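Heads up: the structure comes next, in structure tokens.
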Amino acid sequence: MELVHTHDGTSVLIRQIRPDDAGRLRATHAGLSAETQYRRFLGAKPELSLADARYLTEINGSDHFALVATPLEQPERIVAVGRFVRDGRGSDSAECAIVVADAFQRRGLGTLLLERLAVAASERGIRRFRWLTLADNAPALRLAGRVFGERHRQRLLGRELELELELPAPGVAQAALR
Ligand SMILES: CC(C)(COP(=O)(O)OP(=O)(O)OC[C@H]1O[C@@H](n2cnc3c(N)ncnc32)[C@H](O)[C@@H]1OP(=O)(O)O)[C@@H](O)C(=O)NCCC(=O)NCCS
């Protein structure tokens, strides 16, 4: 659990996701704008099913790892989620995804989450993130550039871009980012 502050000074806790977050996650998803849902899931997704929510919260913390952000004053409200899922057993690459609730975007939360995800992944033997995003998703591309600088490559796959983000070695991860 870590206390951080958004650009506008809101205090937010970042912690690992838990199985009992399933209901909160569904509520957060339902409250996202259609565009934010679309950008996160690369297609229309008005709601998370119970099965989706279980898949996204009942995770082992090693091959599938996720962080949530909750305002200090509203601990029941998840306002951002970042996760990675390893590309198969023993692989040193993982797919990552991030979503920040509309009202909390552009306050630095995406940056805070991506930095922490990168450190957690590096500690778990992951060397590369694959990040699939719509090719016109400017906020996601800026976020990747902001956190990974030169250490990212892009491949256009139709209307999507696959970003390959190179993670620093464990131990130096936090210091090496940005
Ligand atoms: C992408 C996303 C996670 C960024 O989160 P965020 O908390 O707004 O990001 P930050 O506040 O840390 O900003 C990171 C960078 O993006 C830029 N940015 C954020 N929102 C932006 C917007 N709407 N338009 C243009 N740039 C934007 C910021 O200015 C910043 O760039 P800078 O460092 O050059 O100033 C958020 O927009 C989101 O949840 N989008 C929908 C889901 C999604 O697209 N996920 C990615 C695919 S899985």
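Start at 1 and go down the list; that is how both ligands and their atoms are numbered. What's counted below: heavy atoms across the whole structure, side chains too, no hydrogens, waters or symmetry copies. Please read all numbers here as calculations on a predicted model, not as lab measurements.
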Between [X] and [Y], is any side-chain donor less than 3.5 angstrom from a side-chain acceptor?
X: Asp21; Y: Thr57; result: no
X: Thr133; Y: Glu162; result: no
X: Ser62; Y: Asn60; result: no
X: Arg83; Y: His64; result: yes

### Query
Applying a 4.0 Å heavy-atom criterion (strictly less than), which segment of Arg107 is in contact with ligand 1: side chain, backbone, both, or neither?
backbone
Protein heavy atom at shortest distance from [atom]:
atom: atom 39 (O) of ligand 1; answer: Val100 N, 2.7 Å
atom: atom 33 (O) of ligand 1; answer: Arg146 NH1, 2.2 Å
atom: atom 47 (C) of ligand 1; answer: Trp131 NE1, 3.4 Å
atom: atom 4 (C) of ligand 1; answer: Leu143 CD2, 3.9 Å
atom: atom 38 (C) of ligand 1; answer: Gln105 NE2, 3.6 Å
atom: atom 22 (C) of ligand 1; answer: Pro139 CG, 3.3 Å
atom: atom 20 (N) of ligand 1; answer: Arg106 CG, 3.2 Å
atom: atom 7 (O) of ligand 1; answer: Gly110 N, 2.8 Å

### Query
Crowded around Arg18 CZ? As in, over 12 foreign heavy atoms under 6.0 Å?
yes
#### Entry: Heavy atoms from other residues, nucleotides or ligands near CZ of Arg159 exceed 12 (cutoff 6.0 Å)
yes
### Subset of ligand 1 atoms that lie under 4.0 Å from at least one heavy atom of Gly108
10 (P), 11 (O), 12 (O)
### Task
Heavy-atom contacts with Ala140 under 4.0 Å: which atoms of ligand 1 show up? List them by number with element.
1 (C), 46 (C)
### Task
Measure the distances from the heavy atoms of Ala138 to every atom of ligand 1 and state whether one is below 4.0 angstrom.
no
### Query
Okay, side chain of Arg77, backbone of Glu73: is any donor-acceptor separation there less than 3.5 Å?
no
### Query
Is there side-chain contact between Arg130 and Leu163, with at least one heavy-atom pair below 4.5 Å?
no
### Message
Over 60° means perpendicular and under 30° means parallel, so tell me whether Phe148 and Phe129 are parallel, tilted or perpendicular.
### Response
perpendicular
Within the structure, does [X] bring an N/O atom to less than 3.5 angstrom of an N/O atom in ligand 1?
X: Ile98; result: yes
X: Thr36; result: no
X: Asn137; result: yes

### Task
Run the ring-centre check on Phe41 versus His29 and record whether the distance is less than 6.0 Å.
yes
